[in-house]
Amino acid sequence: MLRSTLAQQGTPVYSVAWGPDSEKVLYTAGKQLIIKPLQPNAKVLQWKAHDGIILKVDWNSVNDLILSAGEDCKYKVWDSYGRPLYSSQPHEHPITSVAWAPDGELFAVGSFHTLRLCDKTGWSYALEKPNTGSIFNITWSIDGTQIAGACGNGHVVFAHVVEQRWEWKDFQVTLTKRRTMQVRNVLNDAVDLLEFRDRVIKASLNYAHLVVSTSLQCYVFSTKNWNTPLIFDLKEGTVSLILQAERHFLLVDGGGIYLYSYEGRFLSSPKFPGMRTDILNAQTVSLSNDTIAIKDKADEKIIFLFEASTGKPLGDGKLLSHKNEILEIALDQKGLTNDRKVAFIDKNRDLCITSVKRFGKEEQIIKLGTMVHTLAWSDTCNILCGLQDTRFTVWYYPNTVYVDRDILPKTLYERDASEFSKNPHIVSFVGNQVTIRRADGSLIHISISPYPAILHEYVSSSKWEDAVRLCRFVKEQTMWACLAAMAVANRDMTTAEIAYAAIGEIDKVQYINSIKNLPSKESKMAHILMFSGNIQEAEMVLLQAGLVYQAIQININLYNWERALELAVKYKTHVDTVLAYRQKFLETFGKQETNKRYLQYAEGRLLYENSQKLLRDLSTRKTVPLSSSWFGFDLQTLNPLTYLLFLCISCYKAQNQALTLGTMLRPPGEASCGCSS
């Protein structure tokens, strides 16, 4: 039964594909590609994609990328906005079929006597020349290991994906057959063969362990012993993603997300409303020793955070929310849970970092860089690398943005990235070696300085003297800047003073000296927090320690006048001091008071000062003429009870309350000071 007609046109529609959210349809119209939303009156996206008639399209739900093939003998890769990402060289014959693998990492291309396997970025893994005629349609198996092609000669061609490779440090693992892997140690050229009962679907090699999933079981090998793997049965069978951390690994299949230890013990299975495991990949899920981060597909501005050990939401359960759509996420791998950070790239290609700690107030999201296309954390320490527009950048200590943002540029390493060609991708960051895959599929290995990693190790062990000696040996400003930020973050002001002096930050050295001379521990802590820009936390420390005046004073020093007066009134102390500092500030700049609260309390202060003058006159037995006026009142008209109310003003001095005319002229029985008069 026909439900509706989406489009009518004068040219044949050779191919149609659903969008990832099933709310859009992609179809061909001659040389044009058209994306038609199902909602009425929604904008239709259309662009010229090929120089010949387009024969086949496919749209992947995991990576949100579009494939097209046409009679111009080319296949192309597009994003969902119609921007070209890759265009192949012309083939000998028209491209008649294209199809994405379920996980979006590979795609297959069919033509006359041609079957090609390609990476999602477009470059080709393998080319086969079967005697089949044109391959008109290609379908992948649900586990992404096999393809079937409908051929022009009436046959069906089947193919299996083999020769996949995984590398980690000295080891290289190759899938030689569907059920056989070869492990090679490149140092001593030792070779081990691993046999499996069923065909291999997914594998991952990292942190001294090889995790392999077959159609029914999961195998966990240690790089120290390849002969006795740990084996356990899978719940669902078709694993679509494997992620590893130092202590455990994560499996994603059609039924859910499962976390296991390397001993095979089940740890947790995080869940959230609307979870779709079929669209998760390495860019939308990240794992560390204590945290799991998952980007929400329904609202791409949100990241779900879970405790790895229990699968429960992290902290108080608040979600991490960003103002723009998030494209890629990555958790750092070392350090304490409270210091765990997540870095992510948003739709504007801005690289941001924030804490995963979620208690009470919203954690600040800080931008680290712009035009970042890919990122990776080191597996040995919290060093972050990324490919920016024309540069390869390494943030040796990203937490500098939380400590002293001024010296962040001094903690970076940058080099020209033009040699990596267009659209390179960071494959891994192991130790001090970064592996980058270029658009043509070739791998480039970059070695960065090993000294920042050693510095991280010294600081994590609180070996500050060794850290200073290392910086003096290396004699690089980058190292000193990292040490300065690390020392402030760990409250070691002696080391911070040495490091700041080494990079010429004299003003900060003087401020650190003033902090060291403070009498109380709470004052020192508060000023260190102020040094890092954490004003609210510094104020909280002082208030909890009962140092109210210091809390007021830091707000005065920062010209945060509203907060200074609010604290003074709340704690009933030093209101006069705040008013005096405010008056001096206004006089310096030749301004008049316009703040209503300050005007109110300034009026009360004026009345109080005049009352004190009257009290001094009375105490010295000076005569006050009855014909004189005071505050605009003719004293001759005041009755004795009202006159005595003026004398009660001295009681307010002890209570430190600001007076207004209304409080002064209360009837005697309602005097708030409790005076017997």
Would you mind reporting whether [Y] and [X] have side-chain heavy atoms less than 4.5 Å apart?
X      : Y      : result
Leu305 : Leu320 : yes
Leu408 : Leu368 : yes
Tyr402 : Lys341 : yes
Leu455 : Met479 : yes
Asn382 : Tyr396 : no
Phe392 : Asp416 : no
Asp406 : Glu505 : no
Arg184 : Thr174 : no

(request) List the steps and the verdict of ring pair (Phe, Tyr, Trp, His ring centres under 6.0 Å) for Phe232 and Tyr260. (result) CA-CA 11 Å; Phe232 61 89; Tyr260 294 90; 4.5 Å; yes

Taking only Lys NZ, Arg NE, NH1 and NH2, and the carboxylate oxygens of Asp or Glu, determine whether [X] and [Y] approach each other closer than 4.0 Å.
X      : Y      : value
Arg199 : Asp143 : yes
Glu105 : Lys202 : no
Lys301 : Asp299 : no

Can you see whether [X] engages [Y] through a side-chain donor-acceptor pair at a distance of less than 3.5 angstrom?
X      : Y      : answer
Tyr125 : Gln164 : no
Asn206 : Trp168 : yes
Tyr86  : Asn423 : no
His209 : Ser222 : no

Just to verify, which of [options] counts as forming a side chain to side chain contact (heavy atoms under 4.5 Å, CB included) with [X]?
X      : options                        : result
Ile383 : Tyr413, Phe429, Tyr397, Trp377 : Phe429
Ile257 : Leu280, Leu287, Leu251, Val285 : Leu280
Leu65  : Trp100, Trp59, Trp78           : Trp100

Using a 3.5 Å distance criterion without hydrogens, assess whether the side chain of [X] forms a donor-acceptor pair with backbone atoms of [Y].
X      : Y      : result
Ser268 : Pro270 : no
Arg437 : Ile444 : no
Asp440 : Ser442 : yes
Asp350 : Asp346 : no
Asp253 : Thr238 : no
Asp58  : Val98  : no
Asp192 : Trp226 : no
His445 : Ile436 : no
Ser124 : Cys118 : no
Gln333 : Asn289 : no

Crowding at [atom1], [X] (>12 non-hydrogen neighbours, <6.0 Å):
X      : atom1 : value
Lys508 : NZ    : yes
Arg247 : CZ    : no
Arg265 : CZ    : no
Ile142 : CD1   : no

I need the minimum non-hydrogen distance between [X] and [Y], along with the two atoms involved.
X      : Y      : answer
Val403 : Ala489 : CG2-CB, 3.7 Å
Ser261 : Phe249 : O-CE2, 3.4 Å
Ile426 : Val434 : CG2-CG1, 4.0 Å
Pro20  : Arg276 : O-NH1, 3.7 Å

(request) Would you please name every residue forming a side-chain hydrogen bond (donor to acceptor under 3.5 Å, both in side chains) with Lys347, sequence neighbours left out? (result) Tyr81

(request) Not counting sequence neighbours, which residues clear side-chain hydrogen bond (donor to acceptor under 3.5 Å, both in side chains) with Tyr258? List them please. (result) none

(message) Pair Ile292, Leu250 - check side chain to side chain contact (heavy atoms under 4.5 Å, CB included), show working.
(response) CA-CA 9 Å; Ile292 303 172; Leu250 180 143; 4.1 Å; yes

(request) Please lay out, stage by stage, how Leu243 and Ser204 fare under the test side chain to side chain contact (heavy atoms under 4.5 Å, CB included). (result) CA-CA 7 Å; Leu243 292 179; Ser204 177; over 6 Å; no

(request) May I have the step-by-step check of side-chain hydrogen bond (donor to acceptor under 3.5 Å, both in side chains) for Tyr262 and Gln244, ending in yes or no? (result) CA-CA 10 Å; Tyr262 287 113; Gln244 292 181 253; 3.1 Å; yes

Hey, could you give me the [atom1]/[atom2] distance between [X] and [Y], rounded to the nearest 0.5 Å?
X      : Y      : atom1 : atom2 : result
Glu300 : Ile302 : CD    : CD1   : 11.0 Å
Ile329 : Thr284 : CD1   : OG1   : 6.5 Å
Asn399 : Thr411 : CG    : OG1   : 10.5 Å

(request) Report the C-alpha distance between Met181 and Trp166 in whole Å, list the side-chain angles of each, state the deciding distance to 0.1 Å, and finish with yes or no for side chain to side chain contact (heavy atoms under 4.5 Å, CB included). (result) CA-CA 11 Å; Met181 280 182 161; Trp166 299 267; 3.6 Å; yes

(message) Working note: Arg349 + His373, criterion side chain to side chain contact (heavy atoms under 4.5 Å, CB included); need CA distance, chi angles, decisive distance, verdict.
(response) CA-CA 6 Å; Arg349 290 294 173 184; His373 302 286; 4.1 Å; yes

(request) Provide the full list of ring-ring contact (aromatic ring centres under 6.0 Å, His included) pairs with a residue in residues 284-327, sequence neighbours left out, each pair given once. (result) Phe272-Phe304, His322-Phe344

